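Worksheet for the structure shown next.
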Amino acid sequence: MSLKPPEIEKKSMPSKQDQLKKHLKDIAVKAKEASRSLADAGTDQKNKLLQEIANKLESKESRQAIAEANAKDLELGEKAKLSHALLDRLELNKKRMTSMVQGVQRLIELPDPVGEVIKGWEQSQGVQLQKVRVPIGVIGIIFESRPNVTVDASTLCLKTGNVTILRGGKEAFYSNQALGKLIGEAAKACGFPQEVVTVLPTTDREAVPILCEMHEQIDLMIPRGGHGLIKKVVEHSRMPVIKHYDGICHVYVHQDAVLKMAREIVLNAKLQRPGVCNAMETLLIDATVAKKLGKKLIDALLEKGVELFADRQTNKALETKFKAPSSWSTEYLDLKAGLRVVEGLDQAIAHIEKYGSHHSDTIVTENEQAAETFLQKVDSAAVYWNVSTRFTDGAAFGFGAEIGISTDKIHARGPMALEELTSYKYVGRGKGQIIKSG
């Protein structure tokens with residue numbers, strides 16, 4: 001009786017997802033390694049790197065490469081029939097390139113928070129204790145559309161000694177790759193590993209949940225984009241997440257508002273850049289001034305090409321015939337806005353609480369008591385009195401650039417800039433003190 005030879009087990013080829021996992025793991029491991037060298041860097045070293053990035057952004061060669069990459073993204077975006085607002089967010093024109101360089105230069109001038117002693121004291125046994133700012137480590141940033149985020153986010157992280165792994169949207173893929181290559185070259189020229197900033201070279205959607213599971217290498221995830229993206233990151237992340245949710249921002253025109261000021265604030269909040277998160281998405285008008293001010297504000301918006309949506313009660317009060325909004329929680333990011341007449345301050349606050357995203361909201365009024373009530377009761381990252389919602393911005397606040405606008409309540413809220421990109425540790429210095437039992 002002859003024995004059959006054992007069957008040879010066929011080795012199956014790794015699946016596409018397995019290959020992606022391995023690729024992303026390699027990136028994350030290298031980023032973790034790079035974080036050690038960056039965390040030890042002094043302010044002068046980090047500023048030298050930032051200056052090299054600014055120089056490269058200004059060079060003719062780099063600008064040509066970035067312009068060609070951006071043109072490719074815009075062409076693909078037009079073929080994909082992206083909205084005018086999304087195409088605007090995508091474009092890297094000369095003005096925006098110059099603005100990016102200026103943002104990096106301002107960042108160089110800002111104080112480095114790393115190493116700052118937040119608090120110092122001597123405890124009962126004479127141990128000298130300090131609470132000191134330190135880098136977070138490796139930060140994963142997932143964002144959509146605007147390629148300038150690649151520069152803004154990575155340079156903020158570099159200033160604070162943090163390594164970044166960036167995953168941009170597919171619509172800005174070529175622009176992001178060009179900017180990432182430039183930053184990597186600058187890092188190498190300054191003696192840092194190129195992996196201090198990595199722009200993922202993939203548009204595969206599976207990259208997001210895979211990245212979110214790498215808690216051993218990535219210390220923090222920051223999603224910037226629509227509700228779907230943020231929900232996906234929150235559901236899959238095994239590390240802390242700082243959310244940058246929708247910007248459902250409101251301007252409430254109170255009964256004691258002055259028309260000229262209300263008009264300027266409303267138009268600025270909606271029109272200055274309709275496609276950004278701090279643009280006004282809903283205009284609330286007090287019922288007592290609906291006919292006196294409301295119609296003039298509406299005419300001003302319509303003249304600028306803004307499409308308005310209103311409920312039945314608002315149409316009745318203003319004698320208009322606007323279509324109903326699909327939802328009061330719509331982030332239009334376009335020349336569109338919700339319009340609602342409200343019965344006083346309390347109803348305005350209730351509307352913002354129910355339908356807003358806790359981003360930025362403003363009241364226009366000459367009534368100090370009403371304004372202070374609004375500022376106290378509206379639970380948003382930024383609340384304003386007679387100020388456009390467009391001021392919720394790192395540069396406008398004097399922070400330089402920002403990672404985004406956090407709508408969370410813990411650690412970071414509002415424009416997330418240098419201090420919010422640090423953690424802290426306690427440092428103790430003593431002379432042999434020990435804890436005695438009993």
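Just so you know, these numbers come straight off a predicted model, no measurement behind them.
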Are any side-chain N or O atoms of [X] and backbone N or O atoms of [Y], one a donor and one an acceptor, separated by less than 3.5 Å?
X	Y	answer
T98	K94	yes
E420	A417	yes
R167	T203	yes
T362	V387	yes
N70	S175	no
E281	G338	no
S62	K56	yes
D334	K336	no
N148	M97	no
Q347	E343	yes

Taking all non-hydrogen atoms of both residues, which atom of [X] and which atom of [Y] are closest, and how far apart?
X	Y	answer
L110	K159	O-NZ, 2.8 Å
A257	L293	O-CD1, 3.8 Å
I165	I27	CD1-CG2, 4.3 Å
A54	V104	CB-CG1, 4.0 Å
E195	V163	O-CG1, 3.4 Å
I405	T392	CD1-O, 3.6 Å

Within the structure provided, determine whether [X] and [Y] are in side-chain contact (heavy-atom separation under 4.5 Å).
X	Y	value
V199	L179	no
Y332	S83	no
K270	L283	no
N162	T422	no
F143	D152	no
K32	D219	yes
V208	H236	no
N176	P147	yes

Report task. Anything under 30° is parallel, anything over 60° is perpendicular, the rest tilted; go ahead and classify H351 against Y355. Result -> tilted
Query raised in the report: Is it the case that D112 and T43 place a side-chain donor and acceptor less than 3.5 Å from each other?
Result: yes
Requested in this report: Check whether the side chains of Q376 and E372 place a donor and an acceptor atom closer than 3.5 Å, and report yes or no.
Outcome: no
For [X], does the [atom1] atom have more than 12 heavy-atom neighbours from other residues, nucleotides or ligands under 6.0 Å away?
X	atom1	answer
K232	NZ	yes
F391	CZ	no
K243	NZ	yes
H84	NE2	no
F399	CZ	yes

Could you grab the distance from atom [atom1] of [X] to atom [atom2] of [Y], nearest 0.5 Å is fine?
X	Y	atom1	atom2	result
R224	I230	CZ	CD1	10.0 Å
E171	R146	CD	CZ	12.5 Å
I141	I218	CD1	CD1	11.0 Å
K425	Q130	NZ	CD	11.5 Å
E206	L211	CD	CG	12.0 Å
M100	E58	CE	CD	11.0 Å

Carboxylate-amine/guanidinium proximity below 4.0 Å for [X] and [Y]:
X	Y	result
D26	K22	yes
E75	K79	yes
R96	E91	no
K377	E353	no

**Report entry** Residues that K181 engages under side-chain contact (heavy atoms from CB on, under 4.5 Å), provided they are two or more places apart
**Finding:** E185
Requested in this report: Report the C-alpha separation of V197 and T150 in whole Å, then their side-chain angles, then the decisive distance to 0.1 Å, and conclude whether the side chain to side chain contact (heavy atoms under 4.5 Å, CB included) test is met.
Outcome: CA-CA 9 Å; V197 175; T150 299; 5.7 Å; no
Query - Stepwise side-chain hydrogen bond (donor to acceptor under 3.5 Å, both in side chains) check, N47 with Q51 - result: CA-CA 6 Å; N47 283 342; Q51 185 60 60; over 6 Å; no
Query - Intermediate values then yes/no, salt bridge (charged side-chain N to carboxylate O under 4.0 Å, His left out), E319 and K295 - result: CA-CA 9 Å; E319 299 175 352; K295 287 188 175 182; 3.3 Å; yes
Query - All pairs passing side chain to side chain donor-acceptor pair (under 3.5 Å) where residues 246-268 contributes a residue, at least two apart - result: H250-D361, Y252-D286, H254-T365, Q255-T288, D256-N367, K260-E264, N268-S388
Query raised in the report: Does the side chain to side chain contact (heavy atoms under 4.5 Å, CB included) test come out yes or no for L339 and L318, once each step is laid out?
Result: CA-CA 10 Å; L339 172 67; L318 294 169; 3.8 Å; yes
Query raised in the report: Given the rule in the side chain to side chain contact (heavy atoms under 4.5 Å, CB included) test, do I66 and L57 qualify, once you have shown the distances and angles that lead to the verdict?
Result: CA-CA 9 Å; I66 292 165; L57 285 170; 4.1 Å; yes
